[in-house]
Amino acid sequence: MEDNKINKNDNEKPGKPSNFIREIIDRDLEQGKNNSRVHTRFPPEPNGWLHIGHAKSICLNYGLAQDYNGKFNLRFDDTNPLKEESSYVESIIKDVEWLGAKWEDRLFYASDYFEQLYEWAIKLIKEGKAYVDDLNAEEIREYRGTLTEPGKNSPFRDRSIEENLKLFEKMKNGDFPDGSKVLRAKIDMASGNINLRDPVMYRIKHAAHHRTGDKWCVYPSYDWAHGQSDSIEGITHSICTLEFEDHRPLYDWFLDQLEVHHPRQIEFARLNLNYTIMSKRKLLQLVQEKYVSGWDDPRMPTISGLRRRGYSPESIREFCERIGVAKRESVVDIALLEHTLREDLNKRAVRMMAVLRPLKVVIENYPEDKVEEFEAVNNPEDESAGTRTIVFTREIYIERDDFLEDPPRKFFRLAPGREVRLKHAYFITCNEAVKNDAGEITELRCSYDPESRGGSTPDGRRVKGTLHWVSAEHAVDAEVRLFDRLFDKEDPTEGGDFLKNINPDSLEILTGCKVEPGLKDAKSGEYYQFLRQGYFVADSEDSTPDHPVFNRSVGLRDTWARIQQKGAK
RNA sequence: UGGGGUGUCGUCAAGUGGUAAGACACGAGCCUUUGGAGCUCGCAUCGCAGGUUCGAAUCCUGCCACCCCAGCCA
């Protein structure tokens, strides 16, 4: 009995953790709402590039559609021509696709609905529920009241329906200058909820729209466009972030007046990450003021930046799964993102040897012209990844950090008189460190034990350290870019000016790195682990076979570095 | 001072009256031809104060703290 229970549980797939949104959907389904349909959407404004916070929303919305056998739409919320560009549309489409969300034939734009929105606005005017207001922006603000005091009615609030109709049409036709009039919903200027104090539905903008050109001179506001767009598309659950909670009564009000399909708006807490900035405005500033190379700089939290950095879509999806969905505002530790990347790449990245800061080693008792081949396992976590051949010669490079003339306790690497293993090859012992006039070590003279071929000896003696290496003659030169967090404060806005918290050492460029020949033709989508160092990918913009450039996506956990840090404290 | 939200481990986050899941981080150890990976173990009484109850993180009351809202941005 007991055993059966355990087995049953073990065989059950570990379903996704529930959350309050799933509970709401479950309840709606039980009550037979929406004919048992689930239909979600991701509604980005094309005014910037997507970031990891958007990934949370995409994974949430697309994940729900998948799990409930529903549908998922991609819809651009393009109601403000002044801020939006088609270049953003393109990058967003690419990113959503790369993340793996599928909208099939349901790629929409709020601008697809401008005509319908206009007609609905006329309907509201005819019902006395909307009016044209001549107050300017400043006056509207004054009339709106404050958080604690009610607003007062605009003197234009009670215009006749006929006049409103006539004026609104002239607004549409471009007969009035920008800012001179707006169309407002007539709700309640005394409401405790400021969104209900006669919100603006249309503003005049003589501006070209990236899709509709200059067909329109009036553009709908977010509140007027969003819910109605959801309704038109048959969305059942309209998921947005917390700051729109106050807008829900308005979302509902419009839909109720129109008596059309009424999606349910649900709000969740947006993602925050420590050491990271998520504000589109600030990210744009970093790009415009050249603190980074672009929206896809590998240090950016943008989807394109993460992609270029070497993050896999799988790792990002897993991250979004693990952070959960709730209503409390929180700050997730970026270490979790790094963890899901390592976890994913550990299983699939091909291992390679690459020496980032080369130190030449001459193996004195190894024949000058001899070239030996060894079979190296491509991935100890995945036998199907096979093996590759690596070559060994008298002169090799090892990592400078792997040698110390006067090693501290617990340093397991090479030192005078010390023996270590060269991964997949031989044991070597250091005889001498050769220095130049400045006292810098220029090369190591070592000897190898022919008996240790393959990495172990007949006498079974043990060595504490195993080093990665590369044959000097065969190695390929490469550039390697090491990234660190862009900000050195957990909260980049600490102190008020996030620019002051930029980490000056967020990018370190290494040239003259020596890598295995097989890395010469690495492609940007291929994930590699440079043994003992971390996960790397060829840079999608700058890497060529003649000049390979690798980005470090994330380092391996480094116990030695931790021991050193502890010692330093 | 109005309206809307939220408070469970260092960080996320389950829990929906029956005696605090899990993950990351952190610490200890085992293992290891990556000081990687893996494995084992450790790590909270639930914002505060009352109350109801045999029993409360879960119900009630009162406080406190934090977040959002006064764009013709989304």
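Because the structure is a prediction, the values reported are computed rather than measured. Because only heavy atoms are used, hydrogens play no part in the values below, and waters and symmetry mates are left out as well, while side chains stay in. To find a chain, count down the sequence lines: A is the first, B the second, and so on, and within it residues start at 1.
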Reference residue E419(A); test salt bridge (charged side-chain N to carboxylate O under 4.0 Å, His left out); the match among R462(A), R461(A), K464(A) | R461(A)
Pair of N/O donor and acceptor under 3.5 Å linking G36(B) base with E381(A) side chain | yes
Which of these nucleotides, C72(B), A13(B), A74(B), is closest to any side-chain atom of S330(A)?
-> A13(B)
With sugar-phosphate meaning primed atoms plus P, OP1 and OP2, does N80(A) contact a base, only sugar-phosphate, or nothing at under 4.0 Å between heavy atoms?
-> sugar-phosphate
E267(A) bridged to R248(A) by N-O distance under 4.0 Å | yes
Backbone of L64(A) reached by a side-chain donor or acceptor of R22(A) within 3.5 Å = no
Looking at S18(A), does any N or O in its side chain come under 4.0 Å of the phosphate oxygens OP1/OP2 on A14(B)?
-> no
Establish whether the base of U34(B) is bridged to the side chain of Q529(A) by a donor-acceptor pair shorter than 3.5 Å.
-> yes
With the side chain defined as heavy atoms from C-beta on, R203(A) is closest, among C12(B), C73(B), G7(B), to C73(B)
Of all the choices, G10(B), A70(B), G3(B), which nucleotide is nearest to the side chain of R141(A) once you look at every atom?
-> A70(B)
Side chain of N136(A) - closest among C68(B), C72(B), U8(B) = C72(B)
Does any N or O donor sit under 3.5 Å from an N or O acceptor when you compare the side chain of N193(A) with the base of G4(B)?
-> no
Selection from G36(B), G2(B), G15(B) that lies nearest to any side-chain heavy atom of E23(A) | G15(B)
Report the nucleotide, chosen from U34(B), U1(B), C69(B), that has the shortest atom-to-atom distance to any side-chain atom of I194(A).
-> C69(B)
Ignoring hydrogens and angles, answer whether the base of G4(B) and the side-chain atoms of R248(A) contain a donor-acceptor pair closer than 3.5 Å.
-> no
Short side-chain N/O contact to A13(B) OP1/OP2 from R328(A), under 4.0 Å | yes
Checking ring-ring contact (aromatic ring centres under 6.0 Å, His included) against F536(A), which of Y528(A), F530(A), F550(A) comes through?
-> F530(A)
Is the base of G35(B) syn or anti, where syn means the angle lies within 90° of 0?
-> anti
Just compare G10(B), C67(B), G35(B) and give me whichever is closest to any side-chain atom of E329(A).
-> C67(B)
Quick one: is C72(B) close enough that its OP1 or OP2 comes under 4.0 Å of any side-chain N or O from R144(A)?
-> yes
RNA chain B: 5'-proximal contact among R322(A) and V331(A) (nearest heavy atom) = V331(A)
Which nucleotide sits closest to the side chain of I323(A): U6(B), G36(B), C12(B)?
-> C12(B)
